[in-house]
Amino acid sequence: MTRVAQEGWRGGLAKLTARRTTRWVLGAVAAAVLVAIPFNASPYTNLQLALVIALAVSLRGMDVLTGHAGQVTLGQSAFFGIGAYSGGYGFAHGWPAPLSFLLAVVLCVIAGVIVAIPAVRLRGFAFGVITLALPVVMAPLAIRLDWLTGGPVGLAVTTVQAPAWSGLADDQWQYLLVLAVGAVMFLLAHNLLAGRVGRALTLIRTSEIAASSVGIPVQRYKVLAFTVAAAYGGVGGWLYLTAVHYIGVDSLALTLSISMLVALVVGGVRSPLGCVIGAAFYILVPNITDKATPGRSALFFGVALLIVLFVVPSGLSGALRAGWSRLLASPRPATPAAAPPSAEQHASA
Amino acid sequence: MNIVQQVIDGMTTGSIYAALALALVLVYRSTGMINFAQGQMAVLSTYLAWAMSQTGVPIVLAVVLAVVIAIVMGAVIERLLIRRFEGREHLTMIIVTVGLMTTINGVVIWIWGADLKTIASLFPSDALGLGSARFTVHDVGTVAVLVSVIVVMQVLFQRTRLGLALRAVADNPQSSALSGLPIGVLLMTGWALAGAVGSLGGVLIAPKISLQPGMLDSVLIYAVAAAILGGLDSPIGAVVAAWVLGVVQNLAGTYIPLVGTDLQIAVPLVIMAVVLLIRPQGLFGRREVMRV
Amino acid sequence: MPEPDAPSGDLRPSLEITELSLLLGGVRALSDVNVVVEPATIVGLVGPNGAGKTSLFNCVCGYYPATSGRIRVEGVDVTRRRPHEMPRYGVARTFQHPILEPQYTVLENVLTGGHIGIRSGPLSYALRLPQAVRQERRTIAAARELLGYLEIEHQADLPAGELSYGGQKRVELARALLTGPKLLLLDELASGLTHEEVMDLAEVIKRIRVDHRIAVLLVEHHMGMISAITDKVIALVEGVKVAEGTAAQVQRDPAVVEAYLGAA
Amino acid sequence: AGTASLLLLAACGRGSDATGSAGTDPGITDTTVKIGTSQPLSGPLAAIGEATVAAAQAYFAHVNAQGGVKMADGKTRKIEYLYYDDAYDPAKSVQNYQRLVHQDEVFAVFHPLGTGPNQAIMARANADKVPHLFTHAGGAQFSDRAKNPWTIGWGPTPDSEGEAYGKYLAAQNKPITVAVLRQNDDLGQGYLNGLEQGIAGSQVEIVKIATYGRTDSTVDSQISSLAGTKADVLFMAVVLPPLMISGIKHAGTLGWSPDIYMANNTSDITGVLKVGKLTDLRTLYSASFIKAADDPQWKDDPGVAQYLDRIKSFPKALGNLVNGEIAYGEAQTMVAALQQTKAPTRQALMDAVHSLKGDSISDVLLPGVTLDSTDPTAPPVHGHVVQHFDGESWVAREGGDE
Amino acid sequence: MALLEIRDLRAGYGAAEVLHGVTLTVEEGGTTALLGANGAGKTTTLRALCGMIARRGEIVFDGQDITSLSTERIARLGVAHVPQGRGTLANLSVRDNLLVGALLRRDRPAVRADLERCLAMFPALAKRIKAAAGTMSGGEQQMLAVCRALMSRPKLLVLDEPSLGLAPVITRRVFDALVGLRAEWGVSMLVVEQNATLALSVADWASVLESGRVAVAGPAAEIVGRDDVRRAYLGT
Ligand SMILES: Nc1ncnc2c1ncn2[C@@H]1O[C@H](COP(=O)(O)OP(=O)(O)OP(=O)(O)O)[C@@H](O)[C@H]1O
Ligand SMILES: Nc1ncnc2c1ncn2[C@@H]1O[C@H](COP(=O)(O)OP(=O)(O)OP(=O)(O)O)[C@@H](O)[C@H]1O
Ligand SMILES: [Mg+2]
Ligand SMILES: [Mg+2]
């Protein structure tokens with residue numbers, strides 16, 4: 001191949017490794033900060049952060065389905081609810097935490113598969129609206145199954161408590177637990193998407209026809225994505241319960257699913273960071289605007305949403321990434337115009 | 001128990017969904033997207049009609065004025081807001097309309113508060129009878145308006161140059177621009193027309209369920225379901241589907257003990273899911289072209 | 001290396017289509033078409049627009065269900081198999097209009113062709129099992145090698161959306177090749193290329209046939225290319241096979257001249 | 001290394017923050033006392049939340065204008081009233097609670113609205129030993145001192161409202177059939193339970209029960225199937241005004257004219273009867289415990305007149321009259337409790353809260369309704385008066401409860 | 001007089017410039033062929049001309065500077081563009097596609113006549129007049145795209161590989177038709193075409209692009225004579 005192309009390749013590699021090291025350093029710092037936060041923050045802050053992580057986990061699952069596989073879902077809050085109720089039931093009946101966690105995952109996977117198998121036959125809006133049935137059914141069903149869910153009153157429970165040796169308050173311990181589980185979930189998602197599965201889902205989003213032409217079983221992968229989303233929703237819900245200590249029908253308003261989609265887009269699809277930022281946006285912005293103008297938080301949330309989309313259409317994470325790479329980028333050769341002719345003229349070479 | 005009454009009640013409820021569903025279909029046909037803010041836009045113009053009628057303007061005139069304002073509002077929203085997101089990912093556009101929905105809701109509450117208002121109906125609320133079943137003139141009037149909107153929309157899209165242009169732009173804006181179609185104007189027109197239909201829906205619905213900022217929040221969900229079940233690009237489909245949903249919901253809630261009145265709100269969505277699985281393009285929709 | 005023109009007799013045909021008919025929305029797109037593609041041969045498929053060439057590909061690849069008839073790949077009946085199963089039978093294709101993920105780089109796009117070559121499932125990936133990592137690496141290496149083979153290595157890291165039409169077609173070819181096919185269906189691969197580029201591509205296809213022992217069924221309107229590389233040409237007109245033979249024979253066939261080539 | 005030092009730094013942990021020094025609890029100084037609430041100020045219940053906040057603000061503003069509340073430890077303190085929006089989402093209520101208690105450091109949490117939000121707050125408040133007072137939610141569980149000593153309700157439970165009407169029906173001493181439409185939740189269930197208790201052993205019979213969900217846009221279907229029973233009485237345990245209005249109208253369309261019982265929450269004259277144009281009906285009943293401010297019969301009542309006067313600068317209280325007035329009563333009770341608090345501690349406040357008794361505490365309660373917080377299993381406000389709508393006023397009915 | 005004059009056109013995608021100063025003219029009633037290798041920038045040139053991407057330089061059409069006009073405005077001035085690949089409205093019927101092409105025309109009878117003429121020219125379209133355009137074969141869609149452009153009766157027809165996917169007999173028919181129309185209503189053409197023999201046979205002027213620059217330009221007859229051009233594009 002031409003010399004220029006090789007240089008480009010090597011340059012790319014160098015940039016890649018440079019980026020990787022900065023990433024590691026940044027990651028380590030971020031991790032340290034995240035772990036250190038609860039020790040100095042108020043229970044209010046810890047609760048908010050735990051909620052952000054719980055929601056982010058749920059969004060990460062949605063991102064696999066909606067961002068990567070391109071199937072817009074409006075049903076995520078149902079799985080969130082299943083996860084939270086599993087946790088609630090488990091804690092209310094004195095189960096050890098891992099057991100109810102497992103229940104949350106298993107139930108959501110089962111529910112996810114059952115719903116997904118027919119639903120993935122649909123495309124576009126139809127798929128999204130079909131999934132909307134889930135949260136609509138959720139509330140009356142939760143009321144009916146009151147032996148399980150506490151009915152309209154809900155379940156108020158004591159969740160995980162800090163062990164005595166740790167010397168921590170419960171909210172600190174809960175935050176750390178949520179953080180740890182969240183980190184594992186994000187790592188799993190990262191691994192899952194890096195490589196074969198991620199490529200398959202992305203190609204499905206672009207073209208199901210192209211995907212099947214290379215042997216990707218489209219339906220099965222969509223079911224997989226939906227199930228992953230469901231499982232993540234369940235874990236998110238379980239974490240939410242761990243932090244909030246309460247789950248009831250009022251927690252699962254019909255708009256929650258839509259809000260999750262909003263958060264995902266605001267944060268930026270196909271990005272782990274986007275999930276976290278989106279979750280933070282959803283949790284924190286109303287708290288901030290509420291301080292300024294109690295009672296107008298919805299209005300300001302709407303306006304903030306529009307502004308963000310307006311200014312950074314690829315989501316906040318996209319903006320951050322762009323800003324970051326502009327900061328890092330060694331000044332690029334300013335003349336891409338000078339691309340060597342040889343590169344394009346392989347055919348006549 | 002009177003099945004006929006349940007069917008008629010179902011149709012009145014369905015008409016509520018249908019009024020909004022028609023606006024959704026209109027926006028979809030002329031811009032290719034679903035507008036989640038449609039309900040709130042309708043609410044806003046209904047409030048305007050109410051505010052005018054409060055100052056003594058006769059209701060019919062107030063409604064006409066509100067529809068006109070809604071047309072302008074639709075166009076302005078498209079021009080100032082939606083336009084900036086053109087060509088972006090579809091999902092982003094949807095979320096923009098969600099943001100718009102939240103914002104308009106906030107504005108309505110800010111201006112008029114969140115308490116109930118009554119707006120006069122365009123039709124009297126006298127009871128009419130059909131055998132043992134009862135309904136009101138308002139219900140009949142609503143159906144009549146819906147049917148006329150369907151006819152107008154059908155003629156618009158199938159018989160006029162404007163309709164053809166709208167369909168072309170919805171199918172592929174870039175390609176339509178190559179034929180010299182004024183994309184911006186057409187998209188604006190689509191939003192404006194949908195605004196008109198939506199506001200008409202709003203003033204039809206409001207007397208029935210009382211005017212308040214959130215009055216169409218849950219209606220929107222069923223309207224979307226009806227639009228999709230009907231085929232998303234078919235006005236008749238949307239209305240028929242809305243009636244089907246309303247009727248089935250009532251019958252299931254009343255006569256199937258397992259469902260009961262508590263779970264009946266879920267029935268329309270389940271029905272929709274089942275139908276779509278059999279006919280993915282919806283009852284009246286055309287299958288989207290997919291070529292290999 | 002065996003002589004490509006003389007396939008060893010003990011092998012079944014790479015593709016054997018018998019009496020294939022296809023109804024599409026009431027229209028008879030294909031009527032009783034018979035096609036045999038011997039291993040490691042290149043067969044051209046020509047015919048006027050709307051003759052049913054792409055539809056024939058779509059039947060073989062499972063996108064359209066055959067109304068009647070049989071399709072066999074290396075002797076195995078694959079009629080009415082679903083599209084995603086076909087690569088496992090060794091069938092790969094390119095599309096008349098290229099379909100790539102525009103945001104992926106060329107390399108990533110090609111890698112999607114490695115899907116069936118990797119055994120590790122989602123769980124192995126999520127847990128980053130060594131086996132998955134190993135297979136992933138192997139696939140990347142194979143994809144790079146293929147890019148080199150097709151002389152588009154220098155574009156490996158360009159987003160596919162930035163390629164010209166011709167460039168995209170080549171990426172599609174690489175993607176199809178990475179599935180490790182025994183039978184390659186190429187739908188107008190040379191359209192939109194200059195004469196010289198077409199001839200280069202013809203060389204590449206010949207080389208593929210030799211190096212990988214792949215049979216190729218080729219839809220092409222470029223008669224120069226057809227003449228240069230095909231062992232056999234089949235002509236379809238309105239879903240009916242009207243001629244079969246060497247390129248020269250078919251080009252002389254009156255029916256083909258009338259409906260397809262036009263009186264010169 | 002960075003991580004380690006950060007951890008080390010962090011390991012010092014959070015200083016003990018709860019109980020301050022010198023016997024004073026957070027949120028109270030010699031001149032101020034801070035209380036906070038969480039209300040739905042956006043979303044479908046925003047009107048109710050806003051009215052609740054506005055009415056409480058109005059009363060506290062009045063008290064502060066008088067110099068503040070003179071507490072039993074001899075000091076006079078101004079009341080600082082904080083409120084946050086929870087959009088009726090319990091998770092937000094919990095955040096607001098944490099914010100109020102741990103960041104703003106309020107002395108007590110006051111009248112949060114709704115079952116879910118209060119349920120979510122209750123356990124935390126009791127664990128933190130923070131007073132959680134006069135919940136703006138009627139569930140009996142909020143007035144169960146044995147289980148949750150730091151929580152107390154205010155208004156009577158929906159059960160007792162249903163029971164009042166049931167007893168009224170039973171006292172008619174004739175066969176009466178009742179059809180019930182109730183909200184599909186604890187509120188609706190409470191009304192129904194109460195009704196059943198009230199009619200127990202009488203000739204009154206419930207012939208059919210239908211439910212609706214909060215997101216239903218109409219209740220036509222339910223009303224139609226209830227109408228099929230031709231019952232004498234329609235018990236509307238409906239707490240959403242639009243559905244109350246359209247339901248009653250639909251019964252009219254069907255030509256069914258039973259006596260209609262309207263849940264107190266959704267029976268106000270301005271916001272429901274007038275808006276719904278139902279004032280011509282002579283078949284409407286309700287059971288209340290407050291003097292409705294828009295009811296002409298209380299025009300000259302000093303308590304109501306004062307109320308109307310005080311909310312003048314807080315017009316949002318008019319957005320939902322019933323809830324505004326109840327919130328006003330809650331605020332009056334709060335002030336009364338503070339007045340009797342003998343020390344600047346939360347425990348002292350609870351002691352005061354648990355010993356409130358007397359008719360002077362709130363002047364918006366109906367005659368015959370009492371306020372007494374000494375019963376450890378019931379909310380402080382006791383009693384309901386069954387009323388009939390005469391076209392202008394809700395007129396008390398003989399034979400009602402208490 | 002030149003109908004179209006492009007001078008020093010620079011354009012690209014995002015930060016990357018693809019065209020580095022392209023200059024090119026189309027005479028009134030004339031035909032210019034634009035040749036070039038894969039990725040040379042032919043499509044980009046046409047896109048820039050029609051305002052589909054950001055561009056700098058000077059584009060004068062019919063005496064008017066159109067460098068900063070939008071696609072639709074340019075189209076309304078009388079420039080019809082047949083894009084590379086599938087230039088149809090997939091969910092609209094064949095008939096509607098053709099009518100969209102003529103939407104801006106007021107002369108209904110003439111439109112109907114043109115429609116009939118297109119259908120007569122390509123019976124494949126007539127046969128499937130009610131079918132959704134997207135279901136048609138690649139070549140049929142290409143015919144439809146060309147017809148849709150013709151339906152607007154443009155002053156300048158911009159064709160990006162009109163023969164793409166067309167059978168030889170149809171390709172010839174398309175070009176015959178184009179020549180006929182040029183004679184009949186004097187439409188001018190800018191043609192990108194890999195079938196260079198054909199393109200040069202109808203063109204009076206030709207430019208060869210290489211990596212975003214015009215490498216060779218001249219009268220078509222002269223260009224045909226150049227050895228390098230013959231080798232790369234004509235195969236003779
Ligand atoms: N959407 C795009 N984004 C970025 N770069 C692009 C894009 N489209 C084309 N390019 C680049 O611009 C250059 C010219 O492409 P163009 O499509 O104009 O070539 P062409 O001459 O039409 O080729 P072909 O004969 O293959 O159609 C190529 O190098 C290509 O990589
Ligand atoms: N999904 C479909 N629905 C309806 N008709 C179809 C469909 N697919 C193909 N056809 C029709 O079948 C006929 C054959 O189409 P096909 O795409 O196979 O032609 P082709 O030989 O590949 O032509 P070209 O050379 O133009 O690509 C055409 O008339 C086409 O319109
Ligand atoms: Mg084809
Ligand atoms: Mg090109």
Side-chain angles (χ1 to χ4, degrees), chain A residues 66-67 70 72 74 115 117-119 121-141 143-144 207-210 212-213 253-255 258-259 261-266 268-269 295-310 313-315, chain B residues 28 33-34 36-37 40 81 84-85 87-96 98-110 114 213 217-218 221-222 224-225 227-229 232 259-274 276-277 280-282 285 288 290-292:
Chain A
T66 300
V72 175
L74 290 169
V115 176
I117 285 175
R121 298 181 41 204
L122 299 175
R123 253 182 233 105
F125 294 124
F127 179 86
V129 174
I130 251 194
T131 56
L132 188 61
L134 291 171
V136 172
V137 179
M138 186 84 194
L141 206 60
I143 291 176
R144 198 177 265 198
S207 163
E208 296 186 7
I209 289 170
S212 51
S213 84
L254 209 56
T255 43
I258 298 177
S259 301
L261 197 59
V262 168
L264 182 63
V265 172
V266 165
V269 284
R296 296 269 164 269
S297 54
L299 174 59
F300 282 96
F301 186 81
V303 173
L305 176 60
L306 289 180
I307 291 176
V308 168
L309 291 176
F310 204 80
S314 55
Chain B
Y28 179 80
M33 64 184 284
I34 286 195
F36 273 96
Q40 279 304 326
L81 187 70
R84 322 260 155 160
F85 295 95
R88 297 269 166 71
E89 256 185 79
H90 226 99
L91 186 56
T92 311
M93 302 276 276
I94 294 179
I95 298 306
V96 168
V98 173
L100 187 62
M101 168 178 87
T102 315
T103 308
I104 298 181
N105 182 261
V107 169
V108 168
I109 293 181
W110 195 349
D217 288 358
S218 49
I221 293 186
Y222 295 99
V224 172
I228 293 208
L229 179 57
L232 207 47
V259 174
T261 39
D262 58 334
L263 276 182
Q264 78 173 32
I265 52 166
V267 171
L269 293 165
V270 175
I271 299 287
M272 177 197 67
V274 173
L276 285 183
L277 290 173
Q281 70 271 40
E288 184 158 3
M290 274 262 297
R291 255 226 65 165
V292 186

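Keep in mind that the numbers below use all heavy atoms, side chains included, and drop hydrogens, waters and symmetry copies. Each chain gets a letter, A, B and so on, in the order the sequences are listed, and its residues count up from 1.
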message: If I measure from the heavy atoms of chain B, does A/L122 come under 4.5 Å with its side chain, its backbone, both, or neither?
response: side chain

Side chain / backbone / both / neither for B/I104 at chain A, heavy atoms under 4.5 Å: neither

Atom pair CG/CD1 of B/L276 and A/I130 - distance to nearest 0.5 Å: 5.0 Å

- request: Check each atom of B/V259 against the heavy atoms of chain A and say whether the ones under 4.5 Å are side chain, backbone, both or neither.
  value: backbone

statement: Scored by heavy-atom pairs under 4.5 Å with chain B, the best of A/G124, A/A210, A/A133 is A/A133

- prompt: At a heavy-atom separation under 4.5 Å, does A/L134 approach chain B through its side chain, its backbone, both, or neither?
  reply: neither

field: Smallest separation among heavy atoms of B/L277 and A/A119, with atom names
entry: CD2-N, 4.4 Å

- line: Under 4.5 Å to a heavy atom of chain B? For A/F310 that would be both

Chain A contact via B/N105 - side chain, backbone, both or neither, heavy atoms under 4.5 Å: neither

- line: In terms of heavy-atom pairs under 4.5 Å with chain A, the winner among B/A266, B/G99, B/S218 is B/G99

query: Do other residues, nucleotides or ligands put more than 12 heavy atoms under 6.0 Å from A/R144 CZ?
result: yes

- request: Mind jotting down which residue pairs meet the salt bridge (charged side-chain N to carboxylate O under 4.0 Å, His left out) criterion with at least one end in residues 131-141 of chain A? Sequence neighbours excluded, please.
  value: none

- request: Count the heavy-atom pairs under 4.5 Å between each of A/V72, A/L132, A/V308 and chain B, then report the option with the highest count.
  value: A/L132

- prompt: Can B/I95 and A/L305 be said to form a side chain to side chain contact (heavy atoms under 4.5 Å, CB included), step by step?
  reply: CA-CA 9 Å; B/I95 298 306; A/L305 176 60; 4.3 Å; yes

message: Report which part of A/S314 has an atom under 4.5 Å of a heavy atom belonging to chain B: side chain, backbone, both, or neither.
response: neither

field: Contacting moiety of A/V303, where chain B heavy atoms sit under 4.5 Å
entry: both

Least distance between heavy atoms, B/E89 atom then A/V269 atom: OE2-CG2, 4.3 Å

- request: Apply the test side chain to side chain contact (heavy atoms under 4.5 Å, CB included) to residues B/L91 and A/L261: give CA-CA distance (whole Å), side-chain angles for both, the deciding distance (0.1 Å), then the verdict.
  value: CA-CA 9 Å; B/L91 186 56; A/L261 197 59; 4.1 Å; yes

- prompt: CZ of A/F125 to CD1 of B/I94: how many Å apart, nearest 0.5 Å?
  reply: 4.5 Å

query: What distance do B/I221 atom CD1 and A/I258 atom CD1 have between them, rounded to the nearest 0.5 Å?
result: 5.5 Å

message: Taking every non-hydrogen pair under 4.5 Å, which of A/G315, A/P140, A/G70, A/A139 racks up the most with chain B?
response: A/P140

Pairwise side-chain contact, B/L81 with A/L306, heavy-atom cut-off 4.5 Å (strictly under): yes

- prompt: Are A/L299 and B/T103 side-chain neighbours, meaning at least one heavy-atom pair lies under 4.5 Å?
  reply: yes

